[in-house]
Structures are given as structure tokens and as C-alpha cells.
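See structure below.
Below, read A as the first sequence line, B as the second, and so on, with proteins coming before strands; counting in each chain starts at 1. Both backbone and side-chain heavy atoms feed into the values below; hydrogens, waters and symmetry mates do not.
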Number of protein chains: 2
Amino acid sequence: MSDAFERSRALFIRRWGEMGANWGISRTMAEIHALLFVSSKPLCTDDVMSQLQVSRGNASMNLRQLVNWGLIYRVHQAGDRKEYFDCETDVWQMFEIITRERRRREVEPIVETIEKCQEMVRDEPKRGRNPQEEDIAEYERRLNEMLEFLNAMNVVFNMIIKGGNKGMKGLTKLLAKFGK
Amino acid sequence: MSDAFERSRALFIRRWGEMGANWGISRTMAEIHALLFVSSKPLCTDDVMSQLQVSRGNASMNLRQLVNWGLIYRVHQAGDRKEYFDCETDVWQMFEIITRERRRREVEPIVETIEKCQEMVRDEPKRGRNPQEEDIAEYERRLNEMLEFLNAMNVVFNMIIKGGNKGMKGLTKLLAKFGK
DNA sequence: TAATTCTTTCAGATCATACTGAAAGGAATA
DNA sequence: TATTCCTTTCAGTATGATCTGAAAGAATTA
């Protein structure tokens with residue numbers, strides 16, 4: 001049995017968990033994901049419980065969340081009643097899933113909010129003889145720059161996703177023109 | 001006085017705070033940042049306290065953190081002993097600051113960890129007649145894909161940043177066409 | 001149907017983080 | 001120097017997120 005293998009995996013799992021915590025993902029969820037990522041065979045709930053030392057409830061909840069994200073899959077083993085879980089291992093696919101989800105849940109709401117904010121001041125009836133006219137104009141300018149930035153980032157991410165490793169090459173070339 | 005202006009700004013601040021919370025930034029810190037972003041004039045600690053209803057200590061701590069990140073600046077008003085704070089309003093500059101910092105604190109450690117993990121199994125003496133040989137090979141393959149992905153993302157972010165504020169204006173337009 | 005095996009749920013406990021407010025620290029003014 | 005004004009710090013508190021474990025639920029087998 002390879003001790004180094006075990007220690008190497010444990011290290012990766014620990015660090016992946018820490019990173020997840022910095023990105024608003026619970027440490028345990030990230031650790032479970034890492035554990036499945038470094039396991040070539042699907043694991044069951046009890047495997048997760050014993051390897052990460054977490055309770056059944058905790059394992060169950062986090063596994064479900066990961067399934068909902070689409071980062072892991074439920075699989076069944078012939079002749080076994082237990083459910084097993086297998087990881088999506090294509091990192092580009094993983095990136096697409098995470099990007100899509102975070103964009104939907106975090107970027108889109110802020111874009112909608114900015115548009116709403118712009119509307120609110122645009123419809124203001126007192127415009128034209130308002131002492132705050134200057135401030136409002138500056139406010140609108142800033143909101144607009146933010147919106148343009150978010151749209152530009154959307155385009156970049158779309159391009160990356162569109163072709164995975166391949167699309168990335170195209171994007172790199174495109175960006176190279178501006179690099180100098 | 002423009003009521004719609006006030007309500008519009010309040011909405012933006014609220015949403016920006018919520019978004020920050022999802023990204024591992026404390027709600028208050030994100031709200032202070034938003035408040036300064038939508039204010040054309042620098043604000044002092046008391047302004048922040050009264051507009052966001054937070055304590056002096058809380059305001060002080062979070063303002064300092066924002067200064068440390070480089071997202072806001074300390075400024076002084078002639079004839080006033082108080083310190084005022086002004087926001088970096090160039091969104092591309094903001095993006096560069098955040099990207100640089102998060103990369104240093106979160107991406108680089110995971111890259112180092114992966115390299116360390118690879119080393120650990122490569123140096124394993126039992127290689128060759130290890131029953132886990134297959135699993136280790138698969139493990140190495142997965143680590144390697146992850147590393148390549150992270151490197152590719154690094155390249156993209158470098159290029160976006162390298163263009164800087166000016167180049168980005170052009171890039172935005174170019175990407176906008178590309179996105180259609 | 002009852003027994004078995006596994007999964008999900010959730011109230012309460014635990015733990016981490018953020019916040020308050022008052023006291024100490026520092027810098028400008030008189 | 002003393003006073004005033006402002007900022008920072010930090011111990012204690014509040015808040016919120018996460019986790020546990022046991023009970024209920026669901027699916028399969030006998």
C-alpha cells in the first residue's frame with residue numbers, strides 16, 4: 001500500500017477545502033468534491049464519512065448539493081443497494097458548470113439591479129433643475145462603466161466556455177493584439 | 001432633493017453587499033465599497049456610519065481593509081482634520097486589483113500544492129510493482145489536467161490585465177462584436 | 001407483510017465570523 | 001502643556017453558518 005499516495009491525496013483535499021472556503025463554498029463540500037476528484041472509483045456515503053470524518057447528515061447534504069451543481073454524479077454498482085458518487089473529471093466542464101451557475105446566481109442579479117438603478121434616476125421627474133444634477137450624472141456614468149465591464153467579462157467567459165481548451169487558444173490570440 | 005436618486009443608490013449598495021457576501025467578502029465591507037463607488041465626493045467615517053448604520057469600530061476596520069486592498073484611498077480635505085475616503089472608480093483597475101490579490105492568495109497556493117502532490121507520488125519508491133499503480137496513474141493525470149487549466153486561466157487574466165485601462169476600452173468594443 | 005438496508009431530514013449544538021462600544025492612542029490646536 | 005478632535009483597538013457579544021445524530025422516510029428483499 002502506498003503511503004505517499006495517501007498523503008499526497010490528503011494534502012490535495014485539505015488545500016482544495018481551504019480554497020473553497022475562500023470562495024463562499026463550505027469547506028466540507030469542497031473537500032468531498034476533492035476526495036471524489038482524486039478517487040478513480042466512485043465512493044459511497046460511508047466512504048466519505050470515514051475518509052473525511054464527517055457525520056452522515058453532513059455528508060448527505062453536501063453530496064446532494066454537489067449533485068445539484070452537476071459536479072458529481074449518482075451511480076449504481078451492480079449487486080449493491082448503496083448509492084455511489086462519481087466526479088466530473090473534465091476540468092473545462094467543471095469550469096463551465098461553476099461559471100454558468102455563479103453567473104446565473106450572482107452576476108445576473110447585479111446586472112439587473114444596475115439596469116433598475118439606471119431606470120430609477122432616468123425617470124426622475126425633477127431632472128434639469130436639480131441641485132444634485134452633477135452628482136446624478138456622475139452616478140450614471142459609473143453605473144454604466146460597471147455594466148460595460150460586466151458585459152465584457154461575460155463575452156470573455158462565453159468564449160472560454162464555447163471551445164474549452166480549443167476556444168482558449170483563439171481567445172489568447174485575440175487578446176495578444178492588445179498585449180503590447 | 002432627489003428621492004429617486006437616494007433610493008437608486010440604496011438599492012445598488014444593498015445588492016453589491018449581497019454579492020460580496022457570496023464571494024467571501026463581508027457584507028459590510030462590500031456595502032462600504034459600494035457607498036463610496038456611488039458617491040462623487042469623498043466621505044468620512046461618520047458619513048459611512050450614519051448612512052450604513054454601522055458602529056465606528058466596524059467602519060474603521062472595514063475602511064482600513066479596503067485601503068489595504070487598494071480599492072479606496074485616504075484623502076484629506078483642506079481645513080478639516082478628519083480623514084476622508086475616495087473610491088477607485090476605474091472598473092478595470094478594480095478588476096486588476098482584485099484579480100491580482102485573489103490570485104496571489106488563492107490560486108498560487110493551490111498550484112504549489114498540486115506540484116507538491118505530484119512530486120510526492122513521483123518520488124514514491126514502490127512504483128512499478130504497486131497494486132495501486134493504475135489509481136496513481138489516473139491521479140497524476142487528473143492533477144495534471146487541473147494544473148494545465150489553472151495555467152491557461154492565468155494566461156487569460158494576464159492578458160486582460162496587461163491591456164490596462166486604455167487597451168481595455170478597445171478590447172471591450174472588439175469583444176462586443178465578437179460576442180454576437 | 002415484516003425485516004433489512006440505506007437515505008434524508010431537521011432540531012439543537014457547535015463553531016467561526018462579524019459587530020459593538022467604550023477606552024486607549026495619536027495628532028493637531030490653543 | 002493641556003485640550004480638542006479624530007482614529008484605532010479589542011474584549012465581549014451577537015449573528016449566522018455549519019455540523020451532528022437520531023428519527024423518519026423510502027426502497028428493496030425475504
- Item | Within 45° cone and under 6.0 Å: A:Arg102 NZ/CZ vs B:Trp23 ring |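 Cation-pi check for A:Arg102 and B:Trp23: passes.
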
Under a 4.0 Å threshold between the charged nitrogen and the carboxylate oxygen, would [Y] count as salt-bridged to [X]?
| X | Y | answer |
| --- | --- | --- |
| B:Arg9 | B:Glu6 | yes |
| A:Arg15 | A:Glu18 | yes |
| A:Arg141 | A:Glu138 | yes |

Expressed as a whole number of angstroms, how long is the span from [X]:[atom1] to [N]:[atom2]?
| X | N | atom1 | atom2 | answer |
| --- | --- | --- | --- | --- |
| B:Met49 | C:dA22 | CE | C1' | 12 Å |
| A:Glu31 | D:dT18 | CD | P | 13 Å |
| B:Met61 | D:dC6 | CE | P | 21 Å |
| B:Lys82 | D:dT8 | NZ | C1' | 17 Å |
| B:Arg27 | D:dG16 | CZ | P | 9 Å |
| B:Leu52 | C:dA18 | CG | P | 16 Å |
| A:Leu63 | C:dC6 | CG | P | 16 Å |
| B:Glu83 | C:dA28 | CD | P | 10 Å |

- Message: Closest approach to the side chain of B:Asn58, judged atom by atom: which nucleotide of C:dT20, D:dC19, C:dT8 is it?
- Response: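 Side chain of B:Asn58 sits closest to C:dT20.
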
- Query: Where the side chain of A:Ser60 is concerned, which of C:dC6, D:dT8, C:dT8 is the nearest nucleotide?
  - Reply: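 It is C:dT8.
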
- Comparing B:Asp80 and A:Ile25 on DNA chain D - which has the more 5′ nearest nucleotide: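 It is B:Asp80, whose closest nucleotide lies nearer the 5' terminus.
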
- Message: Tell me if the side-chain of B:Arg81 makes a donor-acceptor pair with the base of C:dT29, cut-off 3.5 Å, by modelled atom types.
- Response: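 No pair found.
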
- Task: Indicate, yes or no, whether a donor-acceptor pair under 3.5 Å links the base of C:dT8 to the side chain of A:Arg56.
- Result: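 In this structure, the two groups form no donor-acceptor pair.
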
- Going by the angle between their ring planes, with limits at 30° and 60°, are A:Phe157 and A:Phe95 parallel, tilted or perpendicular?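 Taking A:Phe95 first and then A:Phe157, their aromatic rings lie parallel (interplane angle under 30°).
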
Short side-chain N/O contact to [N] OP1/OP2 from [X], under 4.0 Å:
| X | N | value |
| --- | --- | --- |
| A:Arg64 | C:dT9 | yes |
| A:Ser55 | D:dC19 | no |
| A:Ser26 | D:dA17 | no |

- Query: More 5' along DNA chain C: A:Arg74 or B:Thr28, using each one's nearest nucleotide?
  - Reply: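 The residue whose closest nucleotide sits nearer the 5' end is A:Arg74.
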
